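Below is one structure, written out as structure tokens; comments come after it.
Given the structure is predicted, the values throughout are model-derived calculations rather than measurements. Naming convention: chains lettered A, B, ... in sequence-line order (proteins, then strands); numbering from 1 in each chain.
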Protein chains: 2
Amino acid sequence: MRSANRDVPVVVVKRLPRYYRYLGELLKKGVTRISSGELGKKMGVTASQIRQDFNCFGGFGQQGYGYDIENLHREIGSILGLTNGYKTIIVGAGHLGHALANHSNFAKRGFELVGIFDKDPALSGQVIQGLPVQMMETLEDFCMKNRVDIAILALPKLAIEMVVPRLVKIGIKGLLNFSYTDIEVPADVAVENVHLSDSLMTLSYKITQNTKNGD
Amino acid sequence: MRSANRDVPVVVVKRLPRYYRYLGELLKKGVTRISSGELGKKMGVTASQIRQDFNCFGGFGQQGYGYDIENLHREIGSILGLTNGYKTIIVGAGHLGHALANHSNFAKRGFELVGIFDKDPALSGQVIQGLPVQMMETLEDFCMKNRVDIAILALPKLAIEMVVPRLVKIGIKGLLNFSYTDIEVPADVAVENVHLSDSLMTLSYKITQNTKNGD
DNA sequence: TCTTTTTTTTTACTTTTTGTCAATAAAATC
DNA sequence: GATTTTATTGACAAAAAGTAAAAAAAAAGA
């Protein structure tokens, strides 16, 4: 089993979390093996694509047998870096930050929430998920001391512009950006954007198309 | 200017919201025209792609001049269906639902929030964004009377399975799904998923790659 | 051992992106 | 006011990327 996985296309990477989820569910149900055909039917994609995707990082399957779910699940998790136990903070303790802190799947997937920050003194010390909300002044100190890897940015556009450079400066590795702006960082900082309005607009487009064709 | 826009590739549609956002920002700054080259540099994509994309729904540009931003912005908005004024409800008034209700961009983009629902009696009547949280019993009645188009689903996986069929039954047109499961609906109901954990996992992958190559 | 299943690998096809260039509009020059 | 120059699109072509199908190979199970 090759562990090399250089040059995996972005589209494939984007599909990995979904595979991971489905495999996890099967595992929970006690299923131990599955063929690409079966999995494809379940997920609504072609068996060919599944096989092609899995082959990007070495053959996990066995002819005549299929894929060992536990093994495959673990491998994909490892490829995604879930085994690295990235330490995570949330910046912005508003409703969104709060919701994300409570999002149990994050911890389940190996992301350890170690701190929550906000600039509003009224929130100072309030406990969310066992963690006290800290003031922005302590951001750098805390991140350095606790070797924080990821910052989840749940704050408005304006605040973002102040915070991002500070996080970049102390060597943050990744940013999950929920604000409605594209942030600029050096190439060695990974960024993933979640633009909620964009999703709503895409939905709007789909509805508009449906309405056109349907009625 | 052709208004027909059949068969616009999905990849292009996914890019439209971002164009819309950038054009909106330029408009706000008072810029009235822009060339594909300039816009491309700003957005980090090739000028060629921009022209190709815009041409999917008819030529909006003018040789030697560029694109009229106001016109282009309005056209993209119309293609996305933002002018249809879709009526929207949020199901689930937890922190996530709350955050989404406060998300000002939704209203700005023409989505009118008309109702918020939750099953927790403790939240009944609590006012969010001027709207009282309603109990789940009134869901069908309310949606029919108010001709609700879109439901934003901010509830856990288990609750989803109960709610979706009810919404489908009363003819909901679109669902924005935040729960960590893929929902199944008839073809005439549009669905857009926002799987937060997936984004975090993709980020994790990127970090892992950076770490490998960088160090 | 032989058939069946199912992956891997290869090949073909489709979609998407990028690059080029003629056509055209605007601006500048004469 | 006519002519030249510059800017920039739209359309097409080429390249790249991604997806699906087909062929070949390996293992499982009878």
- Query: Does B:Gln52 get its side chain close enough to the base of C:dT18, under 3.5 Å, for a donor-acceptor pair?
  - Reply: yes
- Message: Does atom CD (B:Glu25) have a neighbourhood of more than 12 heavy atoms from anything else shown, all under 6.0 Å?
- Response: yes
- Query: Charged N to carboxylate O under 4.0 angstrom, B:Asp149 versus B:Lys173?
  - Reply: yes
- Taking atom types as modelled and ignoring hydrogens, do the side chains of A:Asn210 and B:Asp188 form a donor-acceptor contact shorter than 3.5 angstrom? no
- Item | Atom pair distance, as rounded to whole Å: OH in A:Tyr67 and P in C:dT6 | 12 Å
- Rounded to whole angstrom units, what separation is found between the CZ atom of A:Phe60 and the C1' atom of D:dA26? 18 Å
- Message: Just the rounded figure in Å: distance from P of D:dA11 to CD of B:Gln49.
- Response: 17 Å
- Task: Would you state whether a donor and an acceptor, one from the side chain of A:Thr46 and one from the base of D:dA20, lie under 3.5 Å apart?
- Result: no
- Query: What closest approach, in Å, do B:Glu140 and B:Ile170 show between heavy atoms, and which atom pair accounts for it?
  - Reply: CG-CG2, 3.5 Å
- Are A:Asn55 and C:dT7 close enough that a side-chain N or O sits under 4.0 Å from OP1 or OP2? no
- Do the side-chain N or O atoms of A:Ser36 get closer than 4.0 angstrom to the phosphate oxygens (OP1, OP2) of C:dT7? yes
- Short side-chain to backbone donor-acceptor contact, A:Ser204 and A:Leu200, under 3.5 Å: no
- Task: For A:Phe54, answer base if it contacts any base atom (sugar-phosphate contacts may also be present), sugar-phosphate if it contacts only those atoms, and nothing otherwise; contact means non-hydrogen atoms under 4.0 Å.
- Result: nothing
Protein-nucleotides 21-30 of chain C N/O pairs under 3.5 Å:
residue, atom, partner, partner atom, Å
C:dA25, O4', B:Gln63, O, 3.1

- Query: Can A:Tyr20 and B:Ser197 be said to form a side-chain hydrogen bond (donor to acceptor under 3.5 Å, both in side chains), step by step?
  - Reply: CA-CA 11 Å; A:Tyr20 190 77; B:Ser197 312; over 6 Å; no
- Nearest-Å distance, CG (B:Asp53) to P (D:dG10)? 12 Å
- Taking atom CD1 of B:Ile50 and atom CZ of B:Arg15, what is their separation to the nearest 0.5 Å? 9.5 Å
- Query: Just checking A:Ser35: base, sugar-phosphate only, or nothing, at a heavy-atom cut-off of under 4.0 Å?
  - Reply: sugar-phosphate
- Residue-level proximity of residues 11-30 of chain A to DNA chain D when a heavy atom falls under 4.0 Å: A:Val11, A:Arg15
- Message: If we count only N and O atoms by modelled type, under 3.5 Å, do the side chains of A:His195 and A:Asp182 hold a donor and an acceptor together?
- Response: yes
- Under 6.0 Å from the six-membered ring centre of B:Tyr67 and within 45° of its axis: does the NZ or CZ of B:Arg33 meet both? no
- Query: Rounding to a whole Å, what distance do you find between A:Ile69:CD1 and C:dT7:P?
  - Reply: 12 Å
